[in-house]
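Let me begin by presenting the structure, written as structure tokens, before commenting on it.
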Amino acid sequence: MTLLALPALADNYIWLLADAGGSALVVDPGESAPVDAALAASGQRLTTILLTHHHPDHIGAAADLAARHGATIHAPRDERIAVADVRIGDHDRVELAEPAFAFDVIAVPGHTLSHVAYVGHGLLFCGDTLFSVGCGRLFEGTPAQMLASLERLAALPDETRVCCGHEYTRTNCAFARSLDPANAALAARAEQADAQRAAGVPTVPSTLADERACNPFLRIDAPALRKALGDGDRIERFAELRRRKDAFRMPAP
Ligand SMILES: [Zn+2]
């Protein structure tokens with residue numbers, strides 16, 4: 001099994017997962033060129049496309065890739081995704097013949113209402129729901145929905161690799177450190193992310209163990225976060241955290 005994060009558009013990742021026989025799937029192809037280049041370089045065949053949510057930077061190249069490679073598109077039930085062969089939803093299982101992989105589907109409303117995640121083979125493809133050290137903006141869902149979605153993902157095993165949709169880790173670390181300054185795991189993650197970006201490599205996938213240790217959106221019950229976010233209930237603290245992240249700008253270096 002090979003897993004690649006293909007940089008696309010401004011700061012997206014298209015995930016490419018292939019089996020030993022050379023059959024491949026991609027998750028959230030917003031652009032065709034990085035996928036075509038990776039397939040040409042490896043000789044792999046694209047058979048399957050998995051989509052997490054309807055935003056154009058995640059689905060923009062799906063129809064083109066499907067038409068040219070004969071790939072099958074799996075997508076959530078949302079008419080804003082016009083082209084799909086298989087519609088999936090919460091608790092469905094995607095069983096593929098080639099590549100020989102299977103995934104459980106988890107509904108994760110919050111960033112959008114029809115957003116889904118795919119879990120299997122120790123991998124979590126979570127689109128714009130969970131990021132490394134962050135989470136997606138609430139464009140359609142409520143804070144309560146997003147918190148419940150993140151908690152479903154956070155219940156997966158420690159070693160699960162978090163394959164998210166964007167390279168946002170350094171900004172997310174800067175924001176998290178402003179609220180959780182004594183967190184040594186977070187300081188180490190920030191240093192690692194700086195080194196990864198300086199070397200020109202992705203900061204993801206992370207692991208769920210990393211995220212539980214560093215990600216403020218999974219740590220709203222930690223003493224430092226409770227102190228920073230006030231005495232409200234969990235949903236109020238989560239909503240306040242998301243509001244502050246929306247207003248946060250990376251400090252100048
Ligand atoms: Zn999105």
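Read the numbers this way: they start at 1 and go in the same order the structure lists the ligands and their atoms. All values below were derived from every heavy atom in this structure, side-chain atoms included, with hydrogens, water molecules and symmetry-related copies excluded.
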So does Asp158 pair up with Arg212, basic N to acidic O under 4.0 Å? yes
In plain terms, say whether Arg234 and Glu151 are close enough for a salt bridge, that is, a side-chain N and a carboxylate O under 4.0 Å apart. yes
Assess, by modelled atom type and distance only, whether the side chains of Ser23 and Arg45 contain a donor and an acceptor separated by less than 3.5 Å. yes
Has Asp128 got an N, O or S atom lying less than 2.8 Å from the Zn ion (ligand 1)? yes
Taking 2.8 Å as the cut-off, does an N/O/S atom of His58 lie below it from the Zn ion (ligand 1)? no
For the Zn ion (ligand 1), which N, O or S atom of His55 is at the shortest distance? ND1
Verify the distance test for His111 against the Zn ion (ligand 1): any N/O/S atom under 2.8 Å, yes or no. yes
Report the relative orientation of the aromatic rings in Tyr168 and His166; use parallel for angles under 30°, tilted for 30 to 60°, perpendicular for over 60°. parallel
